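Worth saying up front: this structure is predicted, and the values here are computed from it rather than measured. By convention here, the first residue in the shown sequence is residue 1. Atoms within each ligand, like the ligands themselves, are counted from 1 in listed order. What you see below is based on every heavy atom in this structure, not just the backbone, and it leaves out hydrogens, waters and symmetry mates.
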Amino acid sequence: MSSNVTIRTMAGKDILSIFEAWNETLVRDTITVGRLISSIHLDINFSPTDARGCYVAETQGKIVGFIRAIMRLAPNDGLGFEEHDGWISVLFVRPEYQRKTIGTQLLHAALDFLKSHGRRTVWVCGNTGSAPGYIFPGVDGDAYPSGFAFFKKHGFTIDHEPIAMSGDIIDFDYKKCYDEAWSTGREEVVVEALTPERLQDFLAFLATHFKGDWNAAARAKLASGPLDEVLIALVKDTVVGYCQWEGEHFGPFGVRADIRGKKIGAKLFVEAVRRIKAADGRTVWFNWADEDAARFYERFGLHATRKFAIMKRSV
Ligand SMILES: CC(C)(COP(=O)(O)OP(=O)(O)OC[C@H]1O[C@@H](n2cnc3c(N)ncnc32)[C@H](O)[C@@H]1OP(=O)(O)O)[C@@H](O)C(=O)NCCC(=O)NCCS
């Protein structure tokens, strides 16, 4: 049935064929060559000398499928190499070649690779705070019922289901939201843009309270230019929360676990939306809110646009 399909490690020359097959298959997640390259070749966990963990399915000289399995080659902030975990950041088989066992062969290659490096748990695609090679949080079962059925069939179960959200902010009622956000605890909390003087405290706050890849996301943000798309919340001159954004793309966003539920997140969010709108934003969106956070955003008129199943399996 599939005897003429070869599964082999990705070579440099494959990238444009992977790009073309990706856009034909992952139609809700079409990509540019630039984004594709950043998610694979420029990822710190990509090994250019052997492209380990990246496999293509080839038949008659045509690339018809791709999988990327990841193990960490560089430590995740505060969490180290997470040496028992492996991740599958993407898998697809071109539509006309599906249901011929090609996906299964790609998955076996990826699982064998991860297992041979001592991984015990494999995630599709990431877990909160640890999503190397991030493209999407997990499987969007509405867009890709085949992917969801496929991973279930191969013994993966749902760990949790983050939600992507979006909201129109043209009519954002700043005054109403401000009054609500500041209706409690007003005297203690200060929300302000990050400044060079607060930078070290901010990074220390992240390193202590949000171990994992939000630290790298913050560093990338700060390295990319001015600090005016990062807000911090202070209580008694101590950083207790923050949010960052790029244009209309909001997040990450977090408040120290022991003082949640006191509207500090609301104060940050309302101020961020005010600034996004003033900078000509028309919407606010993000791809990954865990379920509790989704309820928070609904209060501000955002609605769910996608749901992702983060799946995992022991190997
Ligand atoms: C998931 C995917 C890679 C599987 O590849 P494949 O070559 O079709 O897989 P196989 O032939 O080895 O396995 C077939 C199994 O996949 C699932 N599957 C594949 N196509 C399906 C479809 N159209 N509808 C429902 N299930 C489907 C089923 O579980 C099927 O088993 P079954 O025939 O016993 O029902 C492929 O369907 C795909 O590219 N889907 C879109 C991309 C995607 O969802 N990727 C996951 C997100 S990272």
Of the choices R99, R94, K153, which has the non-hydrogen atom that lies closest to atom 26 (N) of ligand 1? R99
Atom 1 (C) of ligand 1: closest protein heavy atom, distance to 0.1 Å, is G147 CA, 3.5 Å
Answer with yes or no after comparing the ring centroid distance for Y134 and W288 against a 6.0 Å cut-off, counting only values under it. yes
Below 4.0 Å, non-hydrogen atoms only: which portion of T25 touches ligand 1? Side chain, backbone, both or neither. side chain
Do F308 and E161 come within less than 4.5 Å of each other through their side chains, counting heavy atoms only? no
For the residue pair Y144 and F92, is the inter-centroid distance of their aromatic rings smaller than 6.0 Å? no
Starting from atom 38 (C) of ligand 1, which protein heavy atom do you reach first, and at what distance in Å? Q98 NE2, 3.3 Å
Do any N/O atoms on L91 end up under 3.5 angstrom from N/O atoms on ligand 1? yes
Which option wins on minimum heavy-atom distance to atom 10 (P) of ligand 1: V27, V5, L26, T104? T104
Using a strict cut-off of 4.0 Å, indicate which atoms of ligand 1 neighbour a heavy atom of T101. 10 (P), 11 (O), 12 (O)
Roughly how far, to the nearest 0.5 Å, is CD1 of I15 from CE of M10? 5.5 Å
Atom 15 (C) of ligand 1: which protein heavy atom is closest, and how many Å away? F150 CD1, 4.0 Å
Short N/O distance, under 3.5 Å, between K100 and ligand 1? yes
Between the OG1 atom in T25 and the CD atom in E96, the distance rounded to the nearest 0.5 Å is 7.5 Å
Short list, please: which atoms of ligand 1 are under 4.0 Å from a heavy atom of A149? 26 (N), 29 (O)
Polar proximity ligand 1 side, V93 side, N/O cut 3.5 Å exclusive: yes
Do L234 and R198 come within less than 4.5 Å of each other through their side chains, counting heavy atoms only? yes
Would K267 and W182 count as a cation-pi pair here, with the cationic atom under 6.0 angstrom from the ring centre and within 45° of the axis? yes
Which atoms of ligand 1 sit under 4.0 Å from any heavy atom of G103? 5 (O), 6 (P), 7 (O), 9 (O), 12 (O)
What is the closest protein heavy atom to atom 21 (C) of ligand 1, and at what distance does it sit? S146 CB, 3.3 Å
Mind checking whether H154 and H108 have parallel, tilted or perpendicular rings, split at 30° and 60°? perpendicular
Give a yes or no on whether F46 and W87 share a hydrophobic cluster (residues Ile, Leu, Val, Met, Phe, Trp, Tyr; joining criterion: side-chain heavy atoms under 4.5 Å apart). no
